[in-house]
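In what follows, a single structure is set out as structure tokens and then discussed.
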Amino acid sequence: DTAVSQTPKYLVTQMGNDKSIKCEQNLGHDTMYWYKQDSKKFLKIMFSYNNKELIINETVPNRFSPKSPDKAHLNLHINSLELGDSAVYFCASSLQGGSYNSPLHFGNGTRLTVT
Amino acid sequence: GDSVTQMEGPVTLSEEAFLTINCTYTATGYPSLFWYVQYPGEGLQLLLKATKADDKGSNKGFEATYRKETTSFHLEKGSVQVSDSAVYFCALADMDSNYQLIWGAGTKLIIKP
């Protein structure tokens with residue numbers, strides 16, 4: 001039933017490790033996003049994919065690499081994790097055309113803690 | 001570039017109080033304006049939107065009117081409930097932002113019984 005699902009919900013890991021967060025949407029949307037939310041709730045877009053094609057790639061370290069095997073999935077792989085990567089990561093999706101005409105549907109977030 | 005400014009939180013109110021959360025924007029074009037809400041432990045969800053000047057968006061007792069003259073989109077509710085406790089985000093999207101959302105910093109609302 002869940003429209004946008006992310007796994008895992010919590011991820012605790014040590015500095016230097018590599019980890020992945022998975023996202024799947026069953027809404028038939030064409031566009032998927034990754035957002036980072038810091039401890040003060042500030043939201044920052046990281047990536048956006050439209051039909052498996054990267055359309056937004058904000059200034060994020062190249063340790064972060066999104067992968068979209070099909071338009072229903074957008075995974076986020078993070079190499080060499082750093083303390084500053086600790087945050088809540090949200091996956092979202094919308095119809096093609098972006099958020100102007102179509103509301104974003106968010107997953108419930110993955111809380112990443114790097115120790 | 002486009003930007004959104006919201007009042008800083010947290011905003012703490014008693015149940016049944018009147019709520020206003022201020023939001024102003026800067027945009028060169030004619031943006032669409034949105035309020036999203038994030039309940040504890042959840043992702044954001046669209047609360048309401050307005051696409052042109054003088055439009056009023058409304059949902060779940062919340063309202064916001066698109067005021068071009070004051071570049072504002074303040075969120076209001078006449079009588080808040082404990083269940084309204086959440087973080088509220090104002091956002092805009094227009095041609096200059098390539099139709100991607102430009103977010104405000106979020107305002108945490110705490111309603112006490």
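Values in this document were obtained by computation on a predicted structure and should not be read as measured data.
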Per-residue contact mode, K9(A) against chain B (heavy atom under 4.5 angstrom):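 Side chain of K9(A) only, per the 4.5 Å heavy-atom cut-off to chain B.
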Would you say [atom1] of [X] has more than 12 non-hydrogen atoms from neighbouring residues, nucleotides or ligands within 6.0 angstrom?
{"X": "Y10(A)", "atom1": "OH", "answer": "no"}
{"X": "Q14(A)", "atom1": "CD", "answer": "no"}
{"X": "E76(B)", "atom1": "CD", "answer": "yes"}

Rounded distance [0.5 Å steps], CD in Q38(B) versus CG in N108(A):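 Reported value, rounded in 0.5 Å steps: 9.5 Å.
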Contacts under 3.5 angstrom, residues 39-47 of chain B side chains, donor-acceptor by atom type, not counting sequence neighbours:
none

same_hphob_cluster(L112(A), L83(A)) at 4.5 Å side-chain heavy-atom cutoff: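 Looking at the clustering, L83(A) is in the same group as L112(A).
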Single-linkage hydrophobic cluster F106(A)~W34(A), side-chain heavy atoms < 4.5 angstrom: no
Residue pairs passing the disulfide bond (SG atoms under 2.5 Å apart) test where at least one lies in residues 10-72 of chain B, sequence neighbours excluded: C23(B)-C90(B)
Residues in residues 102-113 of chain B near chain A [non-hydrogen atoms, under 4.5 Å]: W103(B), A105(B)
Over all atoms of both residues, closest heavy-atom pair of F89(B) and Q37(A): CZ-NE2, 3.4 Å
ring-ring contact (aromatic ring centres under 6.0 Å, His included) partners for F47(A), two or more places apart: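 F47(A): no ring-ring contact (aromatic ring centres under 6.0 Å, His included) contacts found.
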Validation row: P103(A), Y36(B) side chains within 4.5 angstrom (heavy atoms): yes
